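Order of listing sets the numbers, starting from 1, for every ligand and every atom in it. What you see is a predicted model, and the numbers here were worked out from it, not measured in a lab.
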Amino acid sequence: MPDIIQLLPDSVANQIAAGEVVQRPASAVKELLENALDAGSSFIKLVVKDAGKTLIQIIDNGCGMSETDARMSFERHATSKIKKAEDLFAIRTMGFRGEALASIAAIAQVELRTKRIGDEIGVKIDIEASEIKSQEAFNCPEGTSISVKNLFFNVPARRNFLKSDTVELRHIIEEFQRVAIPNPQIAFSFHHNNTEIFNLPIGNLKQRLMAVFGSSYNNRLIPVEESTGIVVIKGYVVKPDFAKKTRGEQFFFLNKRFIKSSYLHHAVQSAFEQLLPSDSYASYFLMLDVNPKSIDINIHPTKTEVKFEDEKAIYAFLRSAIKKSLGQFNIAPSIDFNQEAHLYNMPVKPVDGVYKIPTIKVDPDYNPFNSSTASSTQPTEREMSNRANWEKMYSRHSNNQLEFEIKKEEENKETVFTDWDNELKESNLKSSYQLHNKYILSHIKTGFIIIDQQSAHERILYERILDNFERNKSSSQQELFPKTIELSTTDFTLMKELQSELYLLGFEINEFGKNTFVIHGVPADTLETDSVALLEQLLENYKLNLQELKLERRENLARSIARSTSIKSGKVLTQEEMNLIIDELFACRMPYSSPNGKPTITTFSSEELDKRFKK
Ligand code: ADP
Ligand code: MG
């Protein structure tokens, strides 16, 4: 028998490595942006076509490469960033594995143009599926430009697996932000299909955050700064009042590298303890600087997961630093936010060699949900106007319009549910009872039912919204004073996509300059009076459904709107309101569960009760 083991040809080995390093266009963007950072650039331009499927181009004004280096850069394990094993413990560059360019060139058509600072002439190399097509002297500006065309052209399985342009673009934006946020000393621009998505001038961290997420962040951010022997912490947390319902903006950067860490996330979340409603997440942008010796970033090819020494101590420092800032923010809200202190030059070991946990001074009485206009016992303005809205809704109910609507739906109702009609008609609905401000208890002919008020109302709204889609235009209530809503670039693009569907549902919103919309109207029966908050919540729910359930657009919108506009658990309901919910719930096509599949009703029969009392 002959021997059968062979070394793989480089092109095949590279293609296999690419499977790990380049999963989608966004991964190539990340690697190329990181190379531009490592090259010491002060300006980086990203140009993308068709969400990176056709073209990804990165132009920098960094150090550039010699002719030989340019050729070498496409070899596997070719890097200028480390030379020996010990260097692995002192990494300050983003790259060091020497795989990215080799991998990308194995699965795309790549054109590299580069010239070192001070050189007379540069070089241009064309490479496709790991094969050099041409190499020539070339007159180009100092720095480097890399174009990646037709990514995965020779890996159809990968290409076919790519998601829609919207989804892939969102991933690219995410990677771009992860590089741009911790590097405000570098100017960035980002163009997609000839539109400029970001233009980020050089500035400090706060200015960078505002350039990325919108100027409304100006008064949302609380600075966090702490420096100890093992870690320097610097950055911002978002005020608790602006917390999101979904894990939105949560950024940790370790030595300027974006990392994911559920452990450290927990530290932040616990620092916010009691300041956040239970279903909300803190938003934060935190830069941690540690001695590279104390971490291992080489545990994953994309380097987003990192192992730390001192993990427990960092947890404690982080938590206390944030608690301190939250406390201080209440006492001294006018700290100079623009002071970007030279924290990065701090010595890593304390002079006396002893690590000190920073002391905390927190105002124990501070509650961010109390504002001067509303104390916890008085109803807030929003509660008052909600109440007024409810009343409005009931006056509408008392004219015949709604009754007519219910009747019409009853006609379409499937026979399985007709029993309920009988049950309900013959029972005395006037005697509904609210339990714990969450459940509606009502007796029926053969026992009693308990209804979950929030799930039930979500079901009612959901079906109404789907019907409105069919009917094509539902009525809108005009805003007396149109409000503007400023969004992040991602949310803005998403809102633009949803605009026509939202219009069908009664949302009248128009584009108004960069990343901003004006809200002229909201659906007529909306109870929420803060239209900005309503739209923000709607987008959050929509994004969550998109990520977790991958719902089709109208279905997703119907669920998201039902979610954000429904009556919540905890709301006190009047007798009339309870009866209306019951009426409308049983007029639904599928009254038994919320759109997300949670039960809305549970029943107890009189026999069951009799049994319990041993009758
Ligand atoms: P790594 O970044 O891990 O070293 P890469 O494959 O990404 O590996 O890049 C290989 C080498 O090519 C780098 O080490 C660097 O010397 C050079 N290089 C890549 N991109 C650039 C760039 N934009 N400017 C200057 N040099 C670059
Ligand atoms: Mg690299």
Side-chain angles (χ1 to χ4, degrees), residues 10-11 13-23 26-47 56-85 87-88 90-108 110-119 122-127 130 132 135 138 140-148 151 175-176 178-180 183 186-189 255-258 292 296-304:
D10 274 354
S11 57
N14 286 339
Q15 202 168 325
I16 294 171
E20 280 196 324
V21 183
V22 189
Q23 268 127 23
S27 350
V29 169
K30 168 185 189 278
E31 293 294 337
L32 298 175
L33 286 173
E34 290 187 350
N35 281 346
L37 286 183
D38 286 344
S41 316
S42 62
F43 174 65
I44 300 174
K45 179 173 179 180
L46 167 63
V47 179
I56 297 165
Q57 183 180 16
I58 294 198
I59 304 160
D60 68 50
N61 63 354
C63 62
M65 285 179 262
S66 72
E67 200 184 328
T68 321
D69 282 351
R71 186 75 161 69
M72 269 298 279
S73 69
F74 290 107
E75 295 294 327
R76 204 140 75 94
H77 306 310
T79 180
S80 56
K81 298 166 195 175
I82 56 172
K83 293 195 169 58
K84 46 191 190 310
D87 296 347
L88 274 174
I91 286 174
R92 282 277 173 193
T93 50
M94 302 303 285
F96 59 87
R97 295 167 62 110
E99 288 179 315
L101 288 187
S103 301
I104 293 170
I107 48 162
V110 177
E111 186 202 273
L112 165 72
R113 300 169 183 200
T114 186
K115 189 169 93 172
R116 277 188 301 190
I117 295 171
D119 276 2
V123 59
K124 175 163 110 68
I125 295 178
D126 283 297
I127 178 166
S130 301
I132 302 276
Q135 172 168 354
F138 192 78
C140 53
E142 289 171 344
T144 303
S145 154
I146 300 193
S147 306
V148 177
L151 194 68
E175 292 296 351
F176 175 83
R178 291 172 179 179
V179 171
N183 291 292
I186 300 173
F188 288 87
S189 77
N255 295 357
K256 294 209 175 185
R257 181 191 305 279
F258 172 82
D296 182 0
I297 39 184
N298 199 19
I299 53 171
H300 193 264
T302 62
K303 312 182 196 91
T304 45

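- The Mg ion (ligand 2) lies under 2.8 Å from an N, O or S atom belonging to N35.
- Backbone and side-chain nitrogen or oxygen atoms of D38 are examined, and none is located within less than 3.5 angstrom of a nitrogen or oxygen of ligand 1.
- Ranking the protein heavy atoms by distance from atom 2 (O) of ligand 1 puts K81 NZ, 2.6 Å first.
- Minimum heavy-atom separation, M65 to T114: N-OG1, 2.9 Å.
- For atom 6 (O) of ligand 1, the nearest non-hydrogen atom of the protein is L101 N, 2.9 Å.
- What sits closest to atom 4 (O) of ligand 1 on the protein, heavy atoms only, is T79 OG1, 2.5 Å.
- For F96, a nitrogen or oxygen atom sits less than 3.5 Å from a nitrogen or oxygen atom of ligand 1, counting backbone and side chain alike.
- For atom 25 (C) of ligand 1, the closest non-hydrogen atom of the protein is A39 CB, 3.7 Å.
- Around atom 27 (C) of ligand 1, the closest heavy atom drawn from E99, R76, M65 belongs to M65.
- Contact detail for I91 and P292: the closest heavy-atom pair is O-CB, 3.5 Å.
- Geometrically, ligand 1 and I146 share no nitrogen or oxygen pair separated by less than 3.5 Å.
- Under 4.0 Å from ligand 1, heavy atoms of S80 appear from its side chain as well as its backbone.
- In terms of polar-atom proximity, E31 is not counted as a contact of ligand 1, lacking any N or O under 3.5 Å from an N or O of the ligand.
- Per-residue contacts place G95 under 4.0 angstrom from the following atoms of ligand 1 (heavy atoms of the residue considered): 2 (O), 3 (O).
- Within the model, atoms CZ of F74 and CG of L112 stand 4.5 Å from one another, a figure rounded to the nearest 0.5 Å.
- Shortest non-hydrogen contact noted between A36 and S41 is O-OG, 2.7 Å.
- The shortest heavy-atom contact between S103 and V22 is CB-CG2, 4.4 Å.
- For ligand 1, one of its N or O atoms has an N or O atom of G98 under 3.5 Å away.
- Under a 4.0 Å criterion applied to the non-hydrogen atoms of R97, ligand 1 contributes the atoms 3 (O).
- At least one donor-acceptor pair under 3.5 Å links the side chain of R257 to the backbone N or O of T93.
- Using a distance-only test at 3.5 Å, with no hydrogens or angles considered, no donor-acceptor pair links the side chain of E111 to the main chain of K124.
- Residues satisfying the ring pair (Phe, Tyr, Trp, His ring centres under 6.0 Å) criterion with F188, sequence neighbours excluded, are F176.
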Working for side-chain hydrogen bond (donor to acceptor under 3.5 Å, both in side chains), residues K81 and N35:
CA-CA 10 Å; K81 298 166 195 175; N35 281 346; 3.3 Å; yes
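- Nearest heavy-atom pair across K115 and G122 is CD-N, 3.6 Å.
- Here the protein heavy atom with the shortest distance to atom 12 (O) of ligand 1 is S73 CB, 3.3 Å.
- Per-residue contacts place A100 under 4.0 angstrom from the following atoms of ligand 1 (heavy atoms of the residue considered): 6 (O), 7 (O).
- Ligand 1 has no nitrogen or oxygen under 3.5 angstrom from a nitrogen or oxygen of G64.
- Between R76 and A13, the shortest heavy-atom contact is NH2-CB, 3.2 Å.
- Here R71 does not pair with E67 in a salt bridge; the nearest charged N to carboxylate O distance is not below 4.0 Å.
- Closest to atom 20 (N) of ligand 1, if we only count protein heavy atoms, is N35 CB, 3.3 Å.
- Using a 4.0 Å cut-off between heavy atoms, D60 contacts ligand 1 through its side chain alone, with no backbone atom that close.
- The protein non-hydrogen atom at the shortest distance from atom 10 (C) of ligand 1 is A78 O, 3.4 Å.
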